[in-house]
Amino acid sequence: MWERTLKDLIRGLRANKKDEPKFIAKAVDEIRSEIRSDDMDLKAGAVMKLTYLDMMGYDMGWASFHVVEVMSSSKYHLKTVGYLAAAQSFQQDTDVLMLTTNLLKKDLSSNPADVAVTLNSFSSFVTSDLARDLSPELVGMLNHSRPHIRKRAILAIYRVCEKYPDAMTSARPRLEEKLDDNDTSVVAATVNVLCELAKRNPKDYLTLAPRLFHLLNTSSNNWLLIKIIKIFGSISPHEPRLVKKLQTPITDLISTTPAISLLYECVHTCIIGGMLQGPGGNSLAKLCASKLAAFIQDPDQNLKYIALLAMTKIVPSHPHLVAEYQDTIIASLNDQDISIRMRALDLVSAMVNRSNLQSIVQQILSHLVPEALPKPSAAQSLSQNMTSSTPITTSLAPNQSAAYRLVLSQRILSICSQNTYQYVMNFEWYLSVLVDLAHIANIDIGGDIRDHLVDVVGRVKAIQPFAVKVMQALLADDSFILNANDKGSCSEVLWAAAWICGECPEYVSEPQKLITHMLKPEISNLPPDTIAVYIQAALKIFGFWAADLAEHWQDDYLPTVKSTAGLVMTHVQEFTGNFHVEVQERAAEVLQLFRFIQADLQNFQPHGSSQDLPDEVVGGFDVPSAEPHFPKSLYLIRSLTAAYTLNPVAAAAQASVPVPDGLDLDAWIVPPPQEDLSEESVDRKKKKSKKGKEKERDDIKRSGKKKRKQEDNNNLAVLAPTEAEVETETETERAERERRKAERLAQLREDPYYIIDDKPSKPAAIDVDSIPVVKLEGMGSLLPSVKENWLSSLKSTVQATTSSHFVVDREGEMPGGSGSPIVQPSPQRVATPVSFQDRSADTRTHTPEPIQVTRTKKKGTGKKRTPNPPAPS
């Protein structure tokens with residue numbers, strides 16, 4: 001019979017790549033017949049082929065017993081095949097392992113060749129039972145006469161102690177003796193095992209420090225020194241005296257060794273072992289930082305990664321040393337490897353302080369500017385167009401992915417806002433950074449930028465004039481409105497811009513022009529919550545402007561005020577029918593206020609001259625009293641919107657507000673309906689208990705009496721007619737009364753501000769079989785209707801409203817926690833950042849004074865200014 005060898009099997013697999021499963025199925029059938037043979041050589045060959053197939057992913061668990069048979073062979077080359085197959089295929093739950101205990105004991109006491117083969121494979125499939133039964137034999141082999149047996153036994157002891165920890169009691173003294181062994185490989189194996197054990201419980205191995213220190217000073221084996229350095233890194237934090245002792249030899253190794261792996265382990269041990277603190281620590285830290293900086297510039301990506309990771313651990317104790325290599329570190333942000341870019345970003349974030357914040361942020365911000373790949377030459381473009389109908393397009397560089405841009409943007413915000421803007425010295429610069437980020441981020445980060453703009457303006461009073469100026473320019477920019485529906489447009493900053501201008505209207509330079517920008521028809525493209533803020537801000541700006549005009553009134557102002565009020569009414573009227581409830585409510589309120597103002601303006605008769613009249617206080621403001629020479633309605637809005645100063649509120653401020661005396665928060669505002677305990681009700685309940693519900697309904701129908709009903713949670717009751725009215729009520733009057741009642745209930749259900757607690761009634765039984773099957777005539781199209789469009793608009797509105805809450809999650813290094821979709825950047829809209837432009841023509845012609853953050857709630861005072869005369873109508 002012709003047998004297929006392992007070489008034949010491999011050749012067959014290569015020749016049958018198109019039909020590999022069929023070939024393997026046929027080969028396994030042949031192996032099944034071969035492995036049952038009494039010929040041990042044939043059985044071993046079958047096991048060898050199964051081992052090769054197991055490496056390819058095919059299970060050979062069904063042949064476990066035959067593997068044990070080959071392991072028990074007296075021939076060395078067959079025993080090697082059996083132990084190789086056992087190491088490859090045996091698992092912790094393999095049934096035949098219980099049969100191998102005596103076999104392993106026999107082989108471990110056999111000739112050195114069999115012992116070596118057994119120790120090589122034993123560690124791969126040892127179980128807790130095998131470790132318990134074989135630990136005495138393995139501990140005895142630690143004193144074997146042959147070094148290669150001692151080395152293998154030491155390595156196997158580690159796996160035995162993992163499965164059976166009690167074996168360490170007898171094995172540890174022998175392991176410590178092997179540190180003084182004459183063979184270097186045995187010492188290296190011992191140090192390797194002790195290194196793994198010291199990671200788990202370092203304090204137990206402090207007694208080995210003298211021997212290990214001797215090996216550190218005498219050994220020249222780099223791999224042995226690496227393991228010794230690792231052991232010292234684990235135990236030195238538990239022994240302060242050891243730190244000072246190790247500084248000299250480790251410094252010598254760092255300065256002299258050419259082995260990069262040993263150099264890195266020495267640097268890493270200095271960091272985690274606390275050797276960079278105390279006497280001599282500064283010089284050692286400077287040496288470690290210089291070596292790590294050299295690693296960062298190395299072309300090997302692995303060295304870059306571990307160097308950035310290690311340098312991040314030096315920053316907390318020696319930030320000035322890392323700052324010397326700031327440019328080298330920031331250059332790693334352009335690396336093609338995303339893991340290196342993320343480690344560099346972590347390091348840059350950790351090294352931020354007051355002196356380098358602006359430079360670091362500007363360099364990170366420059367990485368967000370879309371970097372186009374080199375354009376093809378004219379010859380390349382011509383050949384491309386001749387061979388393909390698709391023209392050549394310019395694509396973004398690999399480091400401009402949306403995920404990476406999102407991480408960069410979030411990191412800019414987080415490092416600037418940490419510890420309540422601890423490192424920000426110039427808030428005008430920070431506002432410019434936020435505006436630049438909104439222009440060039442091109443990812444969904446607008447909500448976070450909006451939150452920071454509002455927070456900074458609320459906390460820093462001195463920045464409000466500059467903030468209003470920047471926000472005015474932002475509101476006048478139509479690019480955000482036109483791209484509001486595009487992902488990554490950052491149109492949420494318009495919400496913050498409108499809010500800031502509305503809360504600080506005294507700093508608005510051109511109120512009329514700004515109101516025109518905020519109420520133009522194009523704002524309908526914005527999210528509903530932004531539109532609502534636009535309307536509210538326009539109201540506040542008009543109110544402050546109108547009151548400012550009233551303080552210095554001239555009759556020439558009247559046409560301008562009338563035209564501005566009419567413009568506001570015209571544009572606000574368009575939003576009174578908006579589907580979003582908040583937009584509709586604010587538009588309706590503003591419209592009603594301006595109707596009152598417009599009526600007052602129409603009825604106002606210019607006096608021709610101003611008179612000094614006594615003042616009165618209206619809404620906290622001094623308003624001239626009787627018969628003023630200006631329209632009195634000009635003070636209406638400012639008294640409603642500017643009565644209190646805008647101050648930041650702490651997160652736990654509400655919990656600190658004491659409950660007023662006499663206020664019981666647990667008491668009912670509207671008490672629940674009381675149960676009717678009249679004699680008639682008691683008699684009715686007795687009848688109900690005796691005769692059942694049907695008898696009770698018959699009594700109610702005969703008497704014609706009805707009781708009072710509770711229709712909603714707000715204690716709105718509908719009184720039933722009295723008994724006399726029921727007797728005299730005609731059928732027409734009764735039907736009309738029921739119709740009015742149903743109409744009123746339907747109106748209340750549609751009112752979004754009215755809560756009705758409808759108790760679900762028991763549904764009547766429906767006979768499904770009695771429903772006829774008919775053809776629906778005149779059925780409309782299944783295309784989306786107006787109602788469906790409204791529902792989709794309402795859904796997007798709810799999502800947009802939810803995103804307006806100031807909750808920002810800036811933790812984590814890659815996107816995925818915030819829930820925002822990651823989109824590819826669209827390079828079609830690239831604006832020049834504000835912080836990159838020449839500000840010589842701007843108001844920032846000098847370096848502003850540092851602005852301090854307001855961290856306590858203080859009461860402010862009102863501020864008046866002379867208004868700019870309105871533009872002639």
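In this chain, numbering begins with 1 at the start of the sequence shown.
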With a 4.0 Å cut-off, would you call [X] and [Y] a salt bridge?
X      : Y      : result
Arg200 : Glu162 : yes
Arg411 : Asp346 : yes
Glu176 : Arg172 : yes

With rounding to the nearest 0.5 angstrom, report the [atom1] to [atom2] distance, [X] to [Y].
X      : Y      : atom1 : atom2 : answer
Ser409 : Ile443 : OG    : CD1   : 3.5 Å
Leu212 : Ile235 : CG    : CD1   : 6.0 Å
Asp298 : Leu303 : CG    : CG    : 5.0 Å

side-chain contact (heavy atoms from CB on, under 4.5 Å) against Lys178, all qualifying residues, sequence neighbours excluded: Asn143, Arg150, Ile154, Asp181, Val186, Thr190

Under the ring-ring contact (aromatic ring centres under 6.0 Å, His included) definition, can you give me all pairs with a residue in residues 26-51, not counting sequence neighbours? none

Just grab all the ring-ring contact (aromatic ring centres under 6.0 Å, His included) pairs involving residues 95-151, residues at least two apart or on different chains. Phe90-Phe125

In Asp107, Val70, Asp114, the residue satisfying side-chain contact (heavy atoms from CB on, under 4.5 Å) with Tyr83 is Asp107

Name all residues meeting the salt bridge (Lys or Arg N to Asp or Glu O under 4.0 Å) criterion together with Lys227; count only those two or more places apart in sequence or in a different chain, and write none if there are none. none

Kindly write out the residues that satisfy salt bridge (Lys or Arg N to Asp or Glu O under 4.0 Å) with Glu69, not counting sequence neighbours, or none if the list is empty. Lys43

Exercise: do [X] and [Y] side chains pair donor with acceptor under 3.5 Å:
X      : Y      : result
Asn16  : Asp19  : no
His268 : Lys313 : yes
Gln301 : Tyr305 : no
Asp337 : Ser339 : yes

Under the rule for ring pair (Phe, Tyr, Trp, His ring centres under 6.0 Å), what residues qualify as partners of Tyr164, not counting sequence neighbours? none

